Amino acid sequence: MAASRDVPVNLRSARWFAPRDLFGFLHRTALRSEGLSDASISERPVVGIANSHSELVNCNLHFGALVEGVKRGVHQAGGLPLEFPTISLSEMLMKPTTMLYRNLMSMDVEEMIRSSPLDAVVLVGGCDKTVPAQLMGAASAGVPAIALTGGPMQPGNFRGRRIGAGTDIWRYTDDLRAGRMSDGEYAELEAATRPGVGHCSEMGTASTMAALTEALGMSLPGSAAVPATDARRGSLAEDTGRRAVEIAREGLRPAAILTEMALENAVTVLAAVAGSTNAVLHLLALAGRLGIDLPLERFDSIAARTPVLTNIQPAGEHLFEDLQRAGGVPALLAELAPLLHLDALTVTGRTLGENIGGAEVWDRDVLRPLDEPLLPSGGLAVLHGTLAPDGAVLKAGAASTELLQHRGPAVVFDGIDDLLARIDDPDLAVEAGSVLVLRGAGPKGAPGMPEWGMLPIPRKLLERGVTDMVRISDARMSGTGYGTVVLHVAPESAVGGPLHAVHDGDEIVLDTEARKLDLCVESEEIARRLAARPLPEPPFRRGYGSIYLDHVLQADAGADFDVLRHRAEEDGTEPYGLLEGWISGW
Ligand code: FES
């Protein structure tokens with residue numbers, strides 16, 4: 001391959017643009033036709049910008065301005081920015097759930113990076129699943145990558161109260177159902193809830209993933225909690241663009257950053273912020289992409305030693321933007337320093353410990369000290385037992401203390417339609433001590449594992465003042481959700497997990513202290529019931545849905561596809577997965 005004098009041949013893009021032959025000619029003409037000069041094409045690292053902007057995703061609506069900032073930074077550092085769209089996932093609008101499409105988006109990101117002449121990529125994501133999909137795709141593609149998250153939206157205001165976009169809404173909706181709020185007030189709330197762009201303002205999935213991305217070392221220090229509309233986010237975009245050019249030149253690939261140490265740091269932060277249980281799935285999937293052993297049990301052992309430090313909804317009172325005011329994620333990491341792997345390399349080229357040097361805490365009500373935490377431990381608990389042989393997850397930090405040890409009879413719902421049809425039936429046989437069970441809501445069952453796990457409290461109990469019950473399902477829960485809600489039961493009902501065998505009235509024991517979740521039915525009887533009860537018909541027989549059902553793994557493997565997990569035998573065989581002949585051709 002003959003290289004141009006002007007192109008550093010170690011750049012990946014040089015394989016497209018450097019050859020002075022027909023193929024180089026054709027590749028260059030593609031960009032020349034966009035009005036780019038030869039100097040733009042042949043002298044610069046090419047930085048792709050994966051933009052998850054979509055008018056279907058309100059949280060990501062401001063990405064146009066962010067991407068312009070990234071481009072300014074790339075130009076400043078001597079690179080060539082090339083923006084490209086990927087599919088995007090709207091937590092609010094996609095049905096049955098964005099989780100059905102997280103793996104699809106990750107494949108879009110991975111294949112766009114792999115197949116294109118990119119030396120580095122900036123991942124611009126915000127709404128819940130967009131960030132993990134981008135991280136998973138970039139990890140699999142292996143090209144240098146840096147993330148820029150979109151920042152939280154400003155809080156709403158309702159009747160003199162500052163409100164978040166999710167947690168407060170669940171509470172007000174219970175007020176409406178219990179007759180404590182009028183339809184008119186509820187309509188007023190609807191108009192006030194989401195006053196602008198940016199992701200949900202509590203420690204929901206998006207805020208959790210933004211904080212974890214910074215803790216993983218994949219975004220710039222201090223970037224996660226800057227509000228979406230804050231001018232500082234524009235300059236962060238420039239900084240990210242400049243750094244993208246540098247990692248292109250350095251060849252700093254995601255695998256060097258996303259190590260076991262980095263993943264453990266992320267789990268520590270997840271526990272310390274009492275973050276979204278969805279992040280458990282995303283970190284499990286990310287580890288699987290990298291060939292890193294990160295069993296579910298590790299989440300439990302790390303959570304057990306990690307106090308909850310952030311006083312942010314749903315576990316606390318404040319919003320994610322308040323963490324920025326209190327010093328941002330660097331201040332949180334500095335507080336957690338004794339529990340972190342400070343040697344972990346980050347996208348800055350420095351270690352995590354070097355990144356957080358000098359971080360200070362400005363508001364101790366928002367960010368508590370390690371020796372005076374919001375909760376001593378237990379932002380998260382992983383349960384096992386006869387009802388969940390492969391595990392289940394409880395956001396213990398947002399649960400009712402008095403329900404963490406509980407025994408009660410099951411009230412079983414087979415899927416969301418059954419739940420919606422019966423939950424408010426005045427004749428439903430349910431008491432405050434009952435255990436609400438929803439099945440048919442797992443990765444294959446629903447399908448896509450929707451956020452149905454925070455089952456509504458039956459209206460007749462709400463009216464009696466009941467605000468929490470033990471609820472168990474193979475579903476997920478919104479990161480803004482709360483309550484004594486056991487999620488991600490594996491194996492799920494649709495593949496014949498024990499959840500499939502529960503009958504109304506069966507006793508269930510939740511013993512959080514012992515990390516147990518048991519169905520009090522003899523194992524022979526469970527086996528007999530499972531053999532007698534057919535599995536549901538697959539909901540899809542064609543298209544992506546059919547592919548999804550063929551390949552999706554259970555919750556304890558992050559609900560990733562089996563074919564997307566790391567394959568050790570491919571390590572080092574084909575840099576970036578591209579054969580030479582594939583580029584020198586048309
Ligand atoms: Fe997009 Fe919550 S709906 S982050």
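One-based numbering, in listed order, for ligands and for the atoms of each. Start at 1 with the first residue, then count along the sequence. Bear in mind the structure is a predicted one, so any value in this text is a computation, not a measurement.
- A ring-centre distance under 6.0 Å is not found for Y101 and Y548.
- Inside a sphere of radius 2.8 Å centred on atom 1 (Fe) of ligand 1, the protein N/O/S atoms present are C59 SG, C127 SG.
- Between S201 and Q154, every side-chain heavy-atom pair lies at or beyond the 4.5 Å cut-off.
- Under the 4.5 Å side-chain criterion, counting only non-hydrogen atoms from C-beta, K71 is in contact with I49.
- Taking NE2 from H318 and OG1 from T310, the interatomic distance works out to 10.5 Å, rounded to the nearest 0.5 Å.
- Between R171 and D174 no salt bridge is recorded (no basic side-chain N to carboxylate O distance below 4.0 Å).
- Looking at residues two or more places apart in sequence or on another chain, you find no side-chain hydrogen bond (donor to acceptor under 3.5 Å, both in side chains) involving T240.
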